[in-house]
Amino acid sequence: MDLVESIKSRKSIRGYQPTPVPQETLTQILEIATRAPSATNTQPWKFTILGGKTLEKLKSALQRQGMAGVEPHPDFGLNPHLTGVYRNRQVEVGKSLFQLMGIAREDKKKRTEWELKMLRFFDAPNAIIISLDEEASSFLYVFSLGAVSQTIALAAVNFGLGTCIEYIPVHYPEIVRQITGIPESQKIAIGIAIGYPDWDFPANKFQSAREPLVNVATWKNV
Ligand SMILES: Cc1cc2nc3c(=O)[nH]c(=O)nc-3n(C[C@H](O)[C@H](O)[C@H](O)COP(=O)(O)O)c2cc1C
């Protein structure tokens, strides 16, 4: 697929077919994605690729934490409370997804179910956890994980796959470590749900908005 077309057609996928992604395909995606740039070519990323019973175990364990109301305590700080345009954009995503999913604002039960689905990697058949060594976990290295994450998401499009880069499943890093064997010496940064999209899933119809370039770009070129 043409690069621009892949970039434009990628979007977060929140409903998946149960078919597992072949290991060979996941390998190819990761091999392609590790061409991503990284600060001084440190390639600080570590991937833990999950599927089968291990992923099922993790989904259940994370869901238990969510149901028990355990406070999130990710390795990389909590999301601060946003205001202004950032809050507006955040609210817009939530509102649109809930509308598509038929979740009313006051329907606590359905909202909780959605939160739990998020913890379960949106029930994707596979997931990738990206972690990095404690010694290479400062800004430049975490920034580099952003580059590789987007490259994974784009490479996935090429194989007819959907992804959702997700922060929520790394809210409970000790659970992720316990089940995946990721050592204490690594910080758990982000999760990526991956699988074949279920295009009938209502949330997958969502197309998020973008601010017009004029509002985010400043030209000083004369
Ligand atoms: C660092 C990061 C964390 C994210 N975490 C979540 C998440 O926990 N749950 C979720 O539904 N989407 C998550 N997303 C997806 C964003 O909501 C999504 O990228 C954004 O709304 C733009 O939509 P698009 O990806 O469809 O273009 C995350 C994206 C990024 C880059």
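Only this structure's heavy atoms are used, side chains among them; waters, hydrogens and symmetry mates stay out. Atoms within a ligand are numbered from 1 in the order they appear, just like the ligands themselves. Starting from 1, each residue takes its place in the sequence as its number. This structure is a prediction, so every number in the text was calculated from the model and none was measured.
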For the residue pair Trp114 and Phe122, does the interplanar ring angle fall in the parallel (under 30°), tilted (30 to 60°) or perpendicular (over 60°) class? tilted

When the ring planes of Trp45 and Phe47 are compared, do they come out parallel, tilted or perpendicular, using 30° and 60° as the limits?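 Aromatic pair Trp45/Phe47 classed parallel.
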
Give a yes or no on this: more than 12 heavy atoms of other residues, nucleotides or ligands lie within 6.0 Å of atom CD of Gln99. no

Would you mind listing which atoms of ligand 1 come within a distance below 4.0 Å of any non-hydrogen atom of Arg14?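 Heavy-atom distances to Arg14 below 4.0 Å select 10 (C), 11 (O), 12 (N), 15 (C), 16 (C), 17 (O).
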
With a cut-off of 4.0 Å, which atoms of ligand 1 are near a heavy atom of Met118? 9 (N), 10 (C), 11 (O)

Are the side chains of [X] and [Y] in touch, meaning some heavy atoms are under 4.5 Å apart?
X: Ser12; Y: Phe206; result: no
X: Ile128; Y: Ile29; result: no
X: Pro20; Y: Asn126; result: yes

Name the closest protein heavy atom to [atom], giving the residue it belongs to and the distance to 0.1 Å.
atom: atom 31 (C) of ligand 1; result: Ile165 CG2, 4.1 Å
atom: atom 1 (C) of ligand 1; result: Ile190 CD1, 3.8 Å
atom: atom 21 (O) of ligand 1; result: Val93 CG2, 3.7 Å
atom: atom 8 (O) of ligand 1; result: Ile168 CG1, 3.0 Å
atom: atom 24 (P) of ligand 1; result: Ser208 OG, 3.5 Å
atom: atom 5 (N) of ligand 1; result: Tyr167 N, 3.1 Å
atom: atom 25 (O) of ligand 1; result: Ser12 OG, 2.6 Å

Lys109 bridged to Glu113 by N-O distance under 4.0 Å: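 Between Glu113 and Lys109 there is a salt bridge, with a charged N closer than 4.0 Å to a carboxylate O.
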
Is ligand 1 less than 4.0 angstrom away from at least one heavy atom of [X]?
X: Arg210; result: yes
X: Arg10; result: yes
X: Phe122; result: yes

Take Ile192 and Ser149, measure what side-chain contact (heavy atoms from CB on, under 4.5 Å) needs, and give me the verdict at the end. CA-CA 8 Å; Ile192 304 182; Ser149 299; 4.1 Å; yes

Do the side chain of Arg111 and the main chain of Glu106 share a donor and acceptor less than 3.5 angstrom apart?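 Pair absent, no side-chain N/O of Arg111 close to backbone of Glu106.
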
Which bit of [X] gets closer than 4.0 Å to ligand 1, counting heavy atoms only: side chain, backbone, both or neither?
X: Cys164; value: side chain
X: Lys117; value: neither
X: Leu97; value: neither

Atom 18 (C) of ligand 1 touched by protein heavy atom at under 4.0 Å: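 Within 4.0 Å: yes, protein heavy atom nearby.
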
Any nitrogen or oxygen of Lys11 lying under 3.5 Å from a nitrogen or oxygen in ligand 1? Just yes or no.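 No, since none of the N or O atoms of Lys11 sits under 3.5 Å from an N or O of ligand 1.
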
For residues 199-220, which residue pairs pass the side chain to side chain donor-acceptor pair (under 3.5 Å) check, not counting sequence neighbours?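 Every pair satisfying side chain to side chain donor-acceptor pair (under 3.5 Å) with a residue in residues 199-220: Arg89-Glu211, Ser208-Arg210, Glu211-Asn215.
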
So, Asn88 and Gln90: side-chain donor and acceptor under 3.5 Å apart, yes or no?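 Gln90 and Asn88 do not have a side-chain donor-acceptor pair below 3.5 Å.
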
